[in-house]
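Since the structure comes first, as structure tokens, the remarks are kept for the end.
The shown structure was predicted, so the numbers you read here are calculated from the model rather than taken from an experiment. We count residues from 1, following the sequence as given. Order of appearance sets the numbers: ligands from 1, and atoms from 1 within every ligand.
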Amino acid sequence: MTSTLALLGGQPTITAAGPHFTWPPIDDTTRAKVAAQLEEAISVPGRSGIVAELEDGLQAYFGVRHAVTTSSGTAALHAGYWAAGIKPGDEVIVPAWTFHATASPLFHLRAVPVLCETGPDGNIDPNRIEELITPRSRAVMVTHLWGKPADMTDIVAVAGAHDLIMLEDGSHAHGASIAGQRVGTFGLASAFSLNGPKPLSGGEGGFVLTDDDDTYHRVITFAHYNKRAKSEIPNGQPLARYAVTGAGLKLRIHPIAAAIAHDQLARLDGYLAERAEIARYLNSRLARIPGLEVTEMPEGVVPSWYGLTLTYRPDVLGGLPIERFHAALIAEGATEFDRPGSTCPMNQLPLYQQPGPLFPGHPHSHRRYRAGDFPVAEYAHAHTIKLPVWHREQDLELAEQYVRAAVKISDHHKELL
Ligand SMILES: *Cc1c(COP(=O)(O)O)cnc(C)c1O
């Protein structure tokens with residue numbers, strides 16, 4: 001008898017051509033705003049026009065005093081670290097598992113990323129921070145991986161007890177919250193990406209949030225030299241005399257990207273509510289499939305559903321390797337089932353194992369990493385299968401087909417062994 005599994009020659013569950021998920025949603029309103037921006041200005045050097053509108057909108061959305069847009073999330077992180085006063089030789093504790101840009105700008109500041117073990121959900125483990133603290137420790141940076149907020153109560157407590165600056169990378173988690181408090185508002189500053197697939201997207205771009213005026217002026221000095229620094233940094237502020245040059249870098253967002261992000265910001269809470277509906281459906285169905293475990297959300301935690309993560313349990317499926325289970329999903333036409341690639345434990349990356357060739361003399365030599373250093377993060381990464389979360393009601397049918405594909409493979413797993 002031949003198998004029904006598509007990988008073994010059967011009929012695929014899903015026949016609609018992919019991709020089955022695209023982001024951000026672009027409609028005629030978005031197109032009209034972009035067209036209007038083309039007429040209005042395609043270069044905005046100060047805090048005016050669409051840049052001011054977007055930053056005002058972000059300030060209102062997050063309830064913070066200052067939002068500063070940047071050319072990318074990576075640039076926002078770079079500016080945020082510099083603005084927080086991270087100096088050469090300073091150590092910054094970061095989650096071992098995140099997209100590397102959470103930490104890599106530190107190399108340019110000749111500061112040292114100190115990787116911290118995570119929990120099985122990939123967020124920094126608050127109980128593993130203290131053992132990493134040295135006299136050189138200056139800050140703790142967290143990522144809210146896949147949009148699930150990190151355990152900020154405990155992390156803020158450890159950082160506070162040791163006088164460390166608290167920073168956040170909210171690039172997966174725009175609009176996510178804990179007990180009603182939005183991520184990105186728990187520390188001195190936070191950085192977000194506005195890149196393609198992120199919950200809030202301008203195609204490219206990023207921003208820094210802070211309530212602290214001095215940090216704001218430092219972000220401006222780092223990322224927005226000349227016009228904006230001249231108009232935004234008050235005379236008499238020690239940084240004001242550097243306005244023309246700033247710190248030498250220009251990291252401005254493109255006005256077209258700002259127009260797209262501004263359009264999307266007005267819809268963000270709607271998207272998040274709609275995603276939560278589909279995530280609820282997916283989780284309730286996927287939780288019943290032998291071999292897959294869904295990710296629990298603690299009480300009061302509202303994720304962005306940037307990714308819906310599943311933990312694969314080969315032991316439940318006779319030792320079937322995840323590679324084969326995933327290949328079977330793809331063969332069923334469920335092509336949005338994904339295994340995390342470049343967002344991996346950073347101890348597996350050459351930059352963190354051997355920064356010397358790229359950053360000669362970097363003070364990293366006492367913190368060198370190897371594969372195997374972070375067993376919890378590495379096990380979780382190697383056993384994660386994730387899905388993007390749709391938001392439109394008509395996508396429920398597609399979500400249903402994805403569930404059916406997973407059920408079919410779990411039911412017939414013995415044929416793959
Ligand atoms: C995308 C991302 C970044 C980098 O943002 P870019 O806009 O691509 O530069 C940083 N951190 C995390 C967690 C990200 O997902």
Side-chain angles (χ1 to χ4, degrees), residues 23-24 54 58 67-82 84 86 92-109 113 115-116 118 121-124 139-150 152 155 167-176 183-184 186-187 189-209 219 222-223 249-254 256-258 260-261 264-265 303-309 338-346 348-349 351-352 377 380-381 384 386 388-389:
W23 196 260
L54 174 57
L58 291 167
V68 189
T69 50
T70 56
S71 50
S72 70
T74 308
L77 286 151
H78 196 181
Y81 282 128
W82 190 85
I86 303 302
V92 178
I93 297 169
V94 299
W97 185 13
T98 177
F99 183 62
H100 78 90
T102 303
S104 298
L106 290 167
F107 288 102
H108 290 270
L109 300 176
L115 276 48
C116 181
T118 71
D121 63 1
N123 281 332
I124 198 166
V140 177
M141 168 63 88
V142 301
T143 301
H144 307 284
L145 201 69
W146 313 122
K148 179 186 176 189
M152 294 311 287
I155 299 165
L167 300 168
E168 294 172 81
D169 181 348
S171 296
H172 291 183
H174 315 66
V183 309
F186 284 87
S190 60
F192 289 75
S193 170
L194 293 170
N195 183 52
K198 303 297 162 71
L200 177 64
S201 177
E204 294 288 352
F207 59 92
V208 179
L209 303 179
V219 172
F222 193 79
L249 297 179
K250 194 190 86 168
L251 304 170
R252 215 183 271 161
I253 194 170
H254 195 289
I256 298 293
I260 296 169
Q264 296 291 310
L265 178 60
S304 69
W305 296 114
Y306 178 54
L308 183 152
T309 53
D338 185 30
R339 299 187 58 211
S342 53
T343 300
C344 68
M346 297 188 291
Q348 299 176 355
L349 298 171
L351 178 61
Y352 290 78
H381 170 257
T384 293
K386 63 190 181 70
V389 180

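Between the side chain of His172 and the backbone N or O of Trp146, at least one donor-acceptor pair lies under 3.5 Å.
Among protein residues, Ser72, Gly73, Thr74, Leu77, Thr98, Phe99, Ala101, Thr102, Thr143, Asp169, Ser171, His172, Ser193, Asn195, Lys198, Gly205 come within 4.0 Å of ligand 1, judged on heavy atoms.
With sequence neighbours left out, the salt bridge (Lys or Arg N to Asp or Glu O under 4.0 Å) criterion links Lys148 to Asp121. With sequence neighbours excluded, the residues satisfying ring-ring contact (aromatic ring centres under 6.0 Å, His included) with His381 are Trp97. Thr70 pairs by the side chain to side chain donor-acceptor pair (under 3.5 Å) definition with nothing, not counting sequence neighbours.
Between Phe107 and Tyr352, the ring centre distance stays below 6.0 Å.
The structure places CZ of Phe99 at 12.0 Å from CG of Leu145, a figure rounded to the nearest 0.5 Å.
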